[in-house]
Amino acid sequence: NVPGIITCKAAVAWKAKKPLTIEQIEVMPPQKGEVRIKNLFSALCHTDAYTLDGLDPEGIFPVILGHEATGIVESVGEGVKSVKPGDYVIPLYIPQCYQCEYCKNPKTNLCQAIRVTQGQGTMPDKTVRYKCQGKDVYHFMGCSSFSEYSVVCEISLCKIESSAPLDKVCLLGCGISTGYGAVINTAKVEAGSTVAVFGLGAVGLAVIMGAKQVGAKRILAVDMNSDKFELGKLYEEVIMTYASNILVIFLLAKQFGATDVLNPKDLKDKVPAQQYLVENFDGGFDYTFECVGNVEVMRTALECAHKGWGVSVIVGVAGAGQEIKTRPFQLVTGRTWKGTAFGGWKSRDSVPKLVQQVIDGSLKLDGFISHKFPFEQINEAFELLHAGKALRIILTN
Ligand code: NAD
Ligand code: AHE
Ligand code: ZN
């Protein structure tokens with residue numbers, strides 16, 4: 001039987017910087033090579049806010065945001081073989097087609113099969129599958145998880161174990177996989193290394209978790225947001241004590257494995273942070289990770305990487321027109337500047353393995369979840385993220 005149009009609820013971003021509105025939308029049936037999924041849980045990532053704030057050069061409105069989710073297949077289009085209705089899935093904003101030059105190159109996870117149309121907010125045939133009040137609504141990062149139903153390409157999906165905690169493994173759709181993969185795949189941090197992490201959101205904390213797991217001997221956690229968390233009980237694993245907020249952040253970072261903490265605002269003698277770090281941390285770090293999206297922090301992270309061998313990984317996303325700079329001498333004297341997308345994971349091969357690690361308990365996600373909201377509270381969720389008062393907020397779609 002040919003699937004029909006589904007009318008369902010979705011959070012539509014009509015314009016940049018405006019709150020989303022919960023709307024009734026029409027979701028068209030999946031075309032050739034496409035899959036329609038029912039989203040079960042979706043989490044907010046800073047990148048959703050980045051695009052909603054109009055900072056994304058590929059940002060296009062009206063759009064359905066969201067790219068960190070779990071779902072269940074509702075129907076499949078012509079030729080779809082790897083999933084069937086009823087399968088549990090995680091949508092992947094970096095697909096894996098196995099055919100393109102990038103999928104065939106072990107050095108990258110950046111499948112390019114649908115990158116151009118995905119960046120234009122459409123499906124590969126340059127049309128969209130969402131309508132609201134008679135108007136076309138664009139796709140986002142090939143996922144658009146802030147909707148009851150989404151249409152995604154088969155290559156942008158991986159099937160996962162039905163026994164997985166579906167309300168948690170949505171985090172493997174972006175932030176946690178990215179931070180963890182930045183350590184394992186992009187930097188390939190060795191045991192005994194020293195590591196500095198800038199930005200203690202879910203991504204930065206996942207870097208700390210990965211660095212601890214590979215046996216880093218020293219992990220410096222850097223953040224400057226002084227009112228990051230509300231006081232009081234934040235989430236199951238960590239009962240927040242009544243301490244200064246920045247201390248709460250650092251308690252949390254220590255919870256994940258940080259051995260040292262720094263709030264750059266505390267640098268009394270106002271030397272540049274990188275100078276302070278080089279002078280006070282044995283000449284700098286073997287690996288540094290920027291998980292903020294701030295080009296100044298990116299420079300600091302590079303310049304506190306150790307002379308001769310330090311590697312700095314950019315994870316943060318900086319807006320249109322933003323550029324990084326440093327003296328070439330920093331690189332000439334042995335530092336390496338690199339970046340990561342989705343932690344370097346080849347997505348359809350890797351995410352099911354990460355889900356398995358969650359099922360067998362070797363990868364823990366609870367500490368990253370600060371709030372669980374009904375879908376209708378999505379605007380409040382964005383406010384909390386903007387206010388720096390949340391880690392990952394899970395929405396029940
Ligand atoms: P978040 O907003 O939850 O966390 C950012 C943290 O940085 C906050 O704790 C904030 O207090 C801190 N911060 C802000 N300014 C700072 C400064 N000047 N110095 C130190 N700390 C500072 O964000 P997130 O969801 O963890 O994402 C972090 C970044 O990574 C964002 O830019 C996001 O777009 C990007 N991201 C990239 C990828 C990728 O594939 N490359 C994947 C996911 C997220
Ligand atoms: N459209 C944005 C892209 C920004 C960006 O770098 N995105 C990351 C993922 S962030 C997920 O939270 C990424 O994987 N990029 C790879 C790609 O192909 O875009 C912009 O700024 O242009
Ligand atoms: Zn993300």
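Numbering of ligands and ligand atoms starts at 1, following listing order.
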Nearest-neighbour protein heavy atom for atom 15 (N) of ligand 2, which is reported as residue plus atom name and distance: A341 CB, 4.3 Å

Proximity to ligand 2 by part of H46, non-hydrogen separation under 4.0 Å: neither

Contact atoms of ligand 2, heavy-atom distance to Y50 under 4.0 Å: 20 (C), 21 (O)

Protein contact to atom 12 (O) of ligand 2 [nearest heavy atom, distance to 0.1 Å]: T47 OG1, 2.5 Å

For L200, atoms of ligand 1 separated by under 4.0 Å from a heavy atom: 6 (C), 9 (O)

Contacting atoms of ligand 2, where contact means under 4.0 angstrom from a heavy atom of C45: 12 (O)

Neighbouring protein N, O or S atoms of the Zn ion (ligand 3) [cut-off: under 2.8 Å, no waters]: C45 SG, H67 NE2, C174 SG

Worked check of side chain to side chain donor-acceptor pair (under 3.5 Å) between Q133 and E23: CA-CA 9 Å; Q133 297 163 16; E23 307 276 0; 3.2 Å; yes

Atom indices of ligand 1 within 4.0 angstrom of T178 heavy atoms, with elements: 38 (C), 39 (C), 40 (O), 42 (C)

NZ or CZ of K38 within 45° of Y149 ring axis and under 6.0 Å: yes

Residue part near ligand 1, for R392, under 4.0 Å between non-hydrogen atoms: side chain

L391 contact mode with ligand 1 (heavy-atom cut-off under 4.0 Å): neither

Joint hydrophobic cluster, L384 plus F382, side-chain heavy atoms closer than 4.5 Å: yes

Short side-chain donor-acceptor distance under 3.5 Å, Y102 and Q96: no

Audit row: L40, I72, side-chain contact (heavy atoms from CB on, under 4.5 Å) steps and yes/no: CA-CA 7 Å; L40 300 170; I72 186 164; 4.2 Å; yes

Atom indices of ligand 1 within 4.0 angstrom of V297 heavy atoms, with elements: 17 (C), 18 (N), 19 (N)

For G201, atoms of ligand 1 separated by under 4.0 Å from a heavy atom: 3 (O), 4 (O), 6 (C), 9 (O), 26 (O)

Atoms in ligand 1 flagged as close to A341, the criterion being non-hydrogen separation under 4.0 Å: 40 (O)

Chi angles and distances behind the side chain to side chain donor-acceptor pair (under 3.5 Å) call for T117, T122: CA-CA 5 Å; T117 49; T122 73; 4.7 Å; no

Proximal atoms of ligand 2 relative to C174 (non-hydrogen, under 4.0 Å): 11 (C), 12 (O)

Proximity winner for atom 2 (C) of ligand 2, if only heavy atoms of V203, N109, D56 are counted: D56

Backbone or side-chain N or O of Q112 under 3.5 Å from ligand 2 N or O: no

Check: K17 main-chain N/O paired with D53 side-chain donor or acceptor under 3.5 Å: no

Protein contact to atom 4 (C) of ligand 2 [nearest heavy atom, distance to 0.1 Å]: V317 CG1, 3.7 Å

Numbered atoms and elements of ligand 1 in range of Y93, under 4.0 angstrom, heavy atoms: 40 (O), 42 (C)

Heavy-atom neighbours of F375 CZ exceed 12 at 6.0 Å: yes

Which of the ligand 1 atoms, numbered from 1, are nearer than 4.0 Å to a heavy atom of C174: 42 (C), 43 (C)

Protein contact to atom 9 (C) of ligand 2 [nearest heavy atom, distance to 0.1 Å]: Y93 CE1, 3.6 Å

Region of I94 engaging ligand 2 - heavy atom pairs below 4.0 Å: side chain

Aromatic ring proximity H67/Y93, centre distance under 6.0 Å: yes

T300: partners by side-chain contact (heavy atoms from CB on, under 4.5 Å), with sequence neighbours left out: F198, A273, Q274

Backbone or side-chain N or O of R115 under 3.5 Å from ligand 2 N or O: yes

Closest approach of any protein heavy atom to atom 3 (C) of ligand 2, naming residue and atom: E58 OE1, 4.1 Å

Any donor-acceptor N or O pair under 3.5 Å, side chains S82, E154: yes

Interfacing atoms of ligand 1 (cut-off 4.0 Å, heavy-atom, T47): 33 (C), 34 (O), 36 (N), 44 (C)

Where ligand 2 meets M141 - atom numbers and elements under 4.0 angstrom, heavy-atom basis: 11 (C)

is_close_aromatic(F368, F256), centroid dist under 6.0 Å: yes

4.0 Å heavy-atom contact, E68 with ligand 2: no

